[in-house]
Amino acid sequence: MKSLLIALAGLFLGLSTSTLAAGTWVATPYAPAKVVFEFYLDHPQKIGSALYWVRSLMTPLLDAPYNYSPEDLSLVVVIHGNEIVTVVKKNEATYQDAVDRMRYYAGLGVKFKVCGQAAADFGYKVEDFQDFIEVVPNAITELAHCQQQGYALIVPKVMEKTIDIESIR
């Protein structure tokens with residue numbers, strides 16, 4: 001009798017796992033985004049990864065089923081960490097890939113703003129920055145202002161990748 005119960009339990013468990021439903025794709029009814037990204041990075045090279053957050057927000061909204069145009073989106077990036085050096089004209093060759101990506105996004109309507117206080121701390125003047133950069137008085141004040149205007153705040157978390165996907169998949 002005990003072995004019959006164990007066999008039935010095994011059969012039940014075997015059948016129940018094979019009949020479990022798969023995940024479901026849901027097309028959330030997204031509205032055009034109104035987002036401010038706060039970039040405050042500890043290393044300039046991390047700006048590339050932080051920019052993927054901008055792309056990750058834009059791409060699904062520009063693609064089907066949403067098909068918004070870039071003009072429908074209102075995106076702002078506020079820069080006030082060590083990544084500030086990436087948007088200084090004299091460093092363009094060093095950070096060419098990031099500058100090209102930011103210039104592309106700026107062409108799509110993304111606004112890039114640099115904290116004036118951080119710029120002063122680094123010894124930069126307004127004329128030192130790329131032409132797509134707006135220098136604002138203060139990053140924290142700008143972030144608060146954007147949120148008061150209804151922007152959602154996204155703070156990219158850029159981590160050092162120490163494990164490859166294949167080893168943990």
Side-chain angles (χ1 to χ4, degrees), residues 25-162 164-165:
W25 179 260
V26 177
T28 305
Y30 297 127
K34 191 172 181 181
V35 173
V36 59
F37 292 88
E38 179 186 10
F39 284 15
Y40 186 73
L41 307 171
D42 62 345
H43 195 285
Q45 291 294 348
K46 290 185 178 180
I47 196 162
S49 295
L51 286 169
Y52 279 111
W53 288 62
V54 176
R55 186 190 94 183
S56 293
L57 180 100
M58 291 182 76
T59 300
L61 296 174
L62 298 177
D63 291 346
Y66 307 104
N67 298 314
Y68 291 118
S69 69
E71 295 81 24
D72 295 326
L73 309 179
S74 186
L75 307 179
V76 177
V77 176
V78 177
I79 295 170
H80 65 119
N82 289 333
E83 74 286 352
I84 194 173
V85 302
T86 67
V87 293
V88 174
K89 289 187 279 191
K90 73 174 185 167
N91 296 332
E92 184 170 356
T94 304
Y95 302 105
Q96 190 68 59
D97 182 57
V99 171
D100 290 346
R101 287 172 61 201
M102 286 184 276
R103 191 176 303 286
Y104 170 76
Y105 292 138
L108 294 176
V110 177
K111 294 187 183 295
F112 288 88
K113 300 185 178 200
V114 164
C115 173
Q117 284 183 316
D121 289 346
F122 276 81
Y124 297 141
K125 297 179 181 81
V126 173
E127 58 270 13
D128 293 328
F129 292 100
Q130 297 288 343
D131 61 354
F132 58 87
I133 295 295
E134 297 176 7
V135 179
V136 297
N138 177 274
I140 303 305
T141 308
E142 191 71 17
L143 291 165
H145 171 73
C146 287
Q147 290 177 80
Q148 289 169 337
Q149 302 303 310
Y151 284 74
L153 172 65
I154 295 179
V155 183
K157 185 174 183 179
V158 180
M159 300 175 12
E160 305 279 332
K161 190 170 183 179
T162 59
D164 67 284
I165 293 172

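The shown structure was predicted, so the numbers you read here are calculated from the model rather than taken from an experiment. Residue numbers start at 1 and run along the sequence shown.
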Over all atoms of both residues, closest heavy-atom pair of A31 and L61: O-CD2, 4.3 Å
Atom pair NZ (K111) and SG (C146), whose distance is rounded to the nearest 0.5 Å: 10.0 Å
Which pair of heavy atoms, one from V78 and one from A139, lies closest together, and at what distance? CG1-CB, 3.7 Å
Identify the two heavy atoms, one from S74 and one from Y151, that lie closest to each other, and give their separation to 0.1 Å. OG-OH, 2.6 Å
Go through the steps for V77 and M102 under the test side-chain contact (heavy atoms from CB on, under 4.5 Å), then give the verdict. CA-CA 10 Å; V77 176; M102 286 184 276; over 6 Å; no
How close do P70 and L62 get, heavy atom to heavy atom, and via which atoms? N-CD2, 3.7 Å
For Y95, what residues pass the side chain to side chain donor-acceptor pair (under 3.5 Å) criterion, not counting sequence neighbours? none
Y66: which residues meet the ring-ring contact (aromatic ring centres under 6.0 Å, His included) condition with it, sequence neighbours left out? Y30
Going by heavy atoms in the side chains, are V87 and F112 under 4.5 Å from each other? no
Any side-chain heavy-atom pair of F129 and I84 under 4.5 Å: yes
Determine whether L41 and N82 make a side-chain contact, defined as any pair of heavy atoms from C-beta on separated by less than 4.5 Å. no
Checking the side chain of N91 only, and the main-chain atoms of T86 only, is there a donor and an acceptor separated by less than 3.5 Å? no
Please report the interatomic distance CD(E142) to CD(E134), rounded to the nearest 0.5 Å. 8.0 Å
Pairwise salt bridge (Lys or Arg N to Asp or Glu O under 4.0 Å) hits with a residue in residues 65-93, at least two apart: none
More than 12 heavy atoms of other residues, nucleotides or ligands under 6.0 Å from CZ of F122: is that the case? yes
Please walk me through it: do F37 and L57 pass side-chain contact (heavy atoms from CB on, under 4.5 Å)? CA-CA 11 Å; F37 292 88; L57 180 100; 4.1 Å; yes
If you apply the rule side-chain contact (heavy atoms from CB on, under 4.5 Å), what do you find for M58 with V110, and how did you get there? CA-CA 10 Å; M58 291 182 76; V110 177; 4.0 Å; yes
Residue pair D121 / Q117, side-chain donor-acceptor N/O under 3.5 Å: no
Flag the pair R101 / D97 as yes when at least one side-chain heavy-atom distance between them is below 4.5 Å, and no otherwise. yes
As an exercise, state the distance from CG of L73 to OH of Y68, rounded to the nearest 0.5 Å. 9.0 Å
N/O donor-acceptor pair under 3.5 Å between R103 side chain and F132 backbone: no
Return yes if a side-chain donor-acceptor contact under 3.5 Å exists between E38 and H80, otherwise no. yes
Report, as yes or no, whether the 6.0 Å neighbourhood of atom NZ on K34 holds more than 12 heavy atoms from other residues, nucleotides or ligands. yes
If you take all heavy atoms of D128 and G123, which pair is closest and at what distance? OD2-O, 4.2 Å
Is any side-chain heavy atom of R55 less than 4.5 Å from a side-chain heavy atom of Y105? yes
Start with the C-alpha distance between V155 and W53, add both sets of side-chain angles, then the distance that settles side-chain contact (heavy atoms from CB on, under 4.5 Å), and finish with yes or no. CA-CA 9 Å; V155 183; W53 288 62; over 6 Å; no
Distance in Å, C115 SG paired with I140 CD1, rounded so as to fall on 0.5 Å steps: 7.5 Å
Minimal non-hydrogen separation, T141 against N138, with atom names: N-OD1, 2.8 Å
From I133 atom CD1 to I79 atom CD1, the distance as rounded to the nearest 0.5 Å: 4.5 Å
